[in-house]
Amino acid sequence: MSTDSSFALHTLIARLEQHLSVVSQSRGSAEASVDAAFGALADAFEDYEDALYDQYSELLPFTIPVDDA
């Protein structure tokens, strides 16, 4: 079952706002809360892109960096 693209977009925007809030209050990128916010944002991005593709056969011009460590 695919997610509605409008709902996925609103979730992505909320995760962007959450990420900004966490990053602006953190003491560095090594903080666990920053990593968690990044993960939530990445998941929301993928959900939005999947919904966009399912409904309109469109992709976004971005990729999520992969940590090779």
Please check if L59 and F45 belong to a single hydrophobic cluster, counting links between Ile, Leu, Val, Met, Phe, Trp and Tyr side chain heavy atoms closer than 4.5 Å. no
Inter-residue atom distance D54.CG - D47.CG, 0.5 Å rounding: 10.5 Å
Can you give me every donor-acceptor pair (side chain of residues 5-15, partner residue at least two apart or in another chain, under 3.5 Å) with its distance?
residue, atom, partner, partner atom, Å
S5, OG, Q55, OE1, 2.6
T11, OG1, F7, O, 3.1

Please give the remaining members of the hydrophobic cluster of L20, linking ILVMFWY side chains under 4.5 Å, ordered by chain and number. none
Please evaluate residues Y48 and L60 with respect to the criterion side-chain contact (heavy atoms from CB on, under 4.5 Å), reporting the C-alpha separation (whole Å), side-chain torsions for both, the decisive distance (0.1 Å), and the verdict. CA-CA 9 Å; Y48 176 60; L60 296 172; 3.6 Å; yes
Who pairs with E58 by side chain to side chain contact (heavy atoms under 4.5 Å, CB included), at least two apart in sequence or on another chain? L52, Y56
Heavy atoms, side chains only, cut-off 4.5 Å: are L16 and L41 in contact? yes
